[in-house]
Amino acid sequence: MKLKLKTVFVLYFMVSLLGLVYALMQLGQRCDCSEHDLPKDRTISRLRGELHRLQEQMRKSDVTKQPQKQPAKPTIFVITPTYARLVQKAELTRLSQTFLHVPQLHWIVVEDSPHKTPLVTDLLVKSGLTYTHLHMPTAKDRKLQEGDPRDNQQGVIYFADDDNTYSLQIFEEMRSTQRVSVWPVGLVGGMKYERPVVEGGKVVRFHTGWRPSRPFPMDMAGFAVSLKLVLANPEACFDGEAPMGFLESSFLQGLVTMDELEPKADNCSKVLVWHTRTEKPKMKREEALQAQGLGSDRAVEV
Amino acid sequence: MPKRRDILAIVLIVLPWTLLITVWHQSAIAPLLAIRKDDGVEGKREAGGQAQDSKEYCASDKDIVEVVRTEYVYTRPPPWSDVLPTIHIITPTYSRPVQKAELTRLANTFLHVPNLHWILVEDSQRRTPLVTRLLRETGLNFTHLNVETPRNYKLRGEARDPRIPRGTMQRNLALRWLRETFNANSSQAGIVYFADDDNTYSLELFEEMRSTRKVSVWPVAFVGGLRYESPKVNAAGKVYGWKTVFDPHRPFAIDMAGFAINLRLILFKPQAYFKLRGVKGGYQESSLLRELVTLNDLEPKAANCTKILVWHTRTEKPVLVNEGKKGFTDPNVEI
C-alpha cells in the first residue's frame, strides 16, 4: 500500500496538535480526584488546608510585626550531653519542645556512646530544630566542637543538661553575653537556689551552701560563654579529673575572672532555670517478666 | 526514492505521537508532584531535608551530622482555628519546690498545640500568685481554678496511703466547670484530657486525641512497673484487654495519661465523676470511665497502640538540706 504522505501527514499533524494543546492545558492544574476520595481523605485534605491557612496567617502576622530587616541575632549554641537510659527519649522530647520556641538556636547533642543511636538520630530529625549530632564514648574531656563557626558570627555557648528545666526568658538573657554571663539556678546545691551576689552591677561573691570556696561555685546551667571567647582560647576545656563540683571552675578559670562576669536575670534576682532531676522509673515488674522471657516488646521504642 | 519517502512518512507520523505521549505523561505526574510538594512544606517538622533552605551534611570525616534550617519559631500559641476541636487539658497541681519548673516546661509544650485550653486546678485554699502570674505570662488560653483537698484525704508527707488518690477533687472540679460552662446542645467540639504536671507529652499525642469520638486510648510509658502499659487491640481494631501486670482485670487498667474523652460525652453524662471515697489503688480511672463507656467503644490510637507518645515521668524531690531549719535563701525570690 502506497502511503499518501501528504494526507496522512496532515491528518496526524492535526490530531497531534489537538492532543498537545489539550495536554498543555492540563499541565499545572491539579487533578480533580474528589470522586475517588473517601470521607477520611476529605477530612485530611480539609485539615491540611486549614493548617496551611493558619501557617500563612502566622507568617503574615510576623512579617507585619517585623517590617525592617533586623541585624542577625547572635546564635545560641546549646550543648547537651546525653546517654541512653529509660527516660532519655522523654527528656530530649520535652527539651526540644522548649528549644523550638527560641529563635537562632543551634542544638549540639553529644551522645555518650560509641555509635550514634537511632533513637537520638530520629528524634533530632523530627524535632524541627537546627542541630549537630555528635558522639563520644566517654565525655571525660568535653572539648567544644563547633562544626563550621563562621569568622564574625556572633554566638553564645550554653551547657544544657537534658533533665533540667529552662524558661524561655533565660535564652534571651544570655544572648547579649560579651564574655561570660551568670544567673541564679533553682533547686541546686541543696538549696532552693544558688546565685551570684551582685553589688554595683558586678559579681562580688556567690551565694551557695556547698563549698563556696571554689573559684566559680556555680552549676553548669548557671552561665553562658560567648563564642568569641571560646574560639580565642582553644585550650580551654573541662577537666574530667577535677574533683566533684569543680568541673565548671576548671573550664571558667582559663577564660574569665570574677569581676568580668556579666550578671543577668535582673542582677541575679530571678530564677529562670531549675536543676530538676527525673526519677528512675521503677522496673521491678518488667525485670520479673523478662526473667520469664515475657518482657515487653523491644521493638516499641520508649 | 519511494522507500525514503515512506521512511520520512513513518518518522513524521511517529514523532508527534511520541511527543504527545511524553507530554501527557508529564501532565499526569505534575499534579501529583504539586500535591507532594505541599506535603513537604506542611510536614516540615517531620520530613527531614524537604524544607526550604535546608542543607544536610552526611557522614563527613568527623562523622558529624549537621542540619541547618531557616524556619521561623514562635513563642505565642498558634492562632485559633474554627475547624479543629478544642483540647481541654485538666491539670491538678499543688505547691512544692518543683512546681514552677514543672508548669514552665509543661507550658512550653502546650504553646505548640493549636486550639488548646488549659484548665489548671490548684490544690489550695486560694489561687496562688505564682500560678496566676505564670499562666498570664505564658499567653496560653487558660482557666485557673482551685479547691483544697481536706486534710484527711491529702497524702501525708512520705507515707502514701494508696486508697486516697491525689488530684481527684481538682479533676472533678474541672469536670464540673466544663459542665457549667458548655451547653450539651452546643456544637463546640472538644476533647478532655487529664494531664499531670510531671509527665512528658509528645506533640503527636495531641493530634492523635483530637479525633476522639467517645473515649480514645493509647500506651503510657513507665507505669505499672513496666517499660509501658498498653491496651490490647485485636485484628479488628477493638480493645479487648489490657497489657499490664498490675491488676489487668480492672475494668479500665489504664493510667490517667492514657485516655481522652470527647466533651460531648462528658456533658451527656453529667453524673460521671471520679470516685472520691473507697477507691482501691489503680481504680480511679475506672471509677470515671465505667460510667461513660464500655470496652467495646474504646478507640485505639497511636498506630493501634504500638507507639509511645506519653511518658509517666516523675521528678525527683530536690534535696534542700543546706536550707537548714530557718532557710538560707531569700524567701522573696520565687522558684
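Numbered from 1 within each chain, the chains take letters A, B, ... in sequence-line order.
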How close do B:V333 and A:S269 get, counting heavy atoms only, and between which atoms?
CG1-O, 3.6 Å
Which distance, rounded to the nearest 0.5 Å, do you find between the CG of B:L226 and the CD of A:E286?
5.5 Å
Tell me, side chain or backbone of A:T278 under 4.5 Å from chain B's heavy atoms, or both, or neither?
both
Once you round to the nearest 0.5 Å, how far does CG of B:L111 lie from OG1 of A:T98?
9.5 Å
Suppose we screen for ring pair (Phe, Tyr, Trp, His ring centres under 6.0 Å). Which residues come up paired with B:H312, at least two apart in sequence or across chains?
none
Looking at CG of A:L86 and OG1 of B:T313, how far apart are the two atoms once the value is rounded to the nearest 0.5 Å?
12.0 Å
Quick one: do A:W274 and B:V98 satisfy side chain to side chain contact (heavy atoms under 4.5 Å, CB included)? Show the steps, please.
CA-CA 8 Å; A:W274 298 262; B:V98 296; over 6 Å; no
The interface call for B:S81 against chain A, heavy-atom contacts under 4.5 Å, is both
Considering only heavy atoms, which portion of A:Y22 lies under 4.5 Å from any heavy atom of chain B: side chain, backbone, both, or neither?
side chain
For B:Y201 against A:Q97, the heavy-atom pair lying closest together
O-NE2, 2.7 Å
Separation between NZ (A:K126) and OG (B:S202), nearest 0.5 Å, reads 10.0 Å
In terms of heavy-atom pairs under 4.5 Å with chain B, which of A:A90, A:G19, A:P281 leads?
A:A90
Flag if over 12 foreign heavy atoms under 6.0 Å of NZ, A:K89:
yes
To the nearest 0.5 Å, atom CG of B:D330 lies from atom OH of A:Y193 at 4.5 Å
Given heavy-atom pairs under 4.5 angstrom as the criterion, report whether the side chain, backbone, both or neither of A:T208 touches chain B.
backbone
Do other residues, nucleotides or ligands put more than 12 heavy atoms under 6.0 Å from A:R277 CZ?
no
Non-hydrogen atoms of chain A under 4.5 Å away: do they reach the side chain of B:L106, the backbone, both or neither?
neither
Would you find more than 12 non-hydrogen atoms of other residues, nucleotides or ligands less than 6.0 Å from B:R213 atom CZ?
no
Region of A:K192 that comes under 4.5 Å of a non-hydrogen atom in chain B:
both
Within the 4.5 Å heavy-atom criterion, are B:F222 and A:K282 side-chain neighbours or not?
no
Under 4.5 Å heavy-atom distance to chain B, tell me which part of A:V15 shows up: side chain, backbone, both or neither.
side chain
The complete set of salt bridge (charged side-chain N to carboxylate O under 4.0 Å, His left out) pairs with one or both residues in residues 101-112 of chain B, sequence neighbours excluded, reads B:E102-B:R105
Measuring only between side-chain heavy atoms, which start at C-beta, is B:E316 closer than 4.5 Å to A:K280?
no
Side-chain donor or acceptor of B:N108 paired with backbone N/O of A:Y166 under 3.5 Å
yes
Starting at CD of A:Q169, measure out to OG1 of B:T104 and round the result to the nearest 0.5 Å.
8.0 Å
Contact leader toward chain A among B:T109, B:V310, B:N332, where contacts are heavy-atom pairs under 4.5 Å
B:T109
Closest non-hydrogen atoms of A:V300 and B:R227, given as atom of the first, atom of the second and distance, are O-NH2, 3.0 Å
Which region of A:L272, side chain (C-beta onward) or backbone (N, CA, C, O), has a non-hydrogen atom less than 4.5 Å from a non-hydrogen atom of chain B, or is it both or neither?
neither
Where on A:D297 is there a heavy atom nearer than 4.5 Å to chain B: the side chain, the backbone, both, or neither?
both
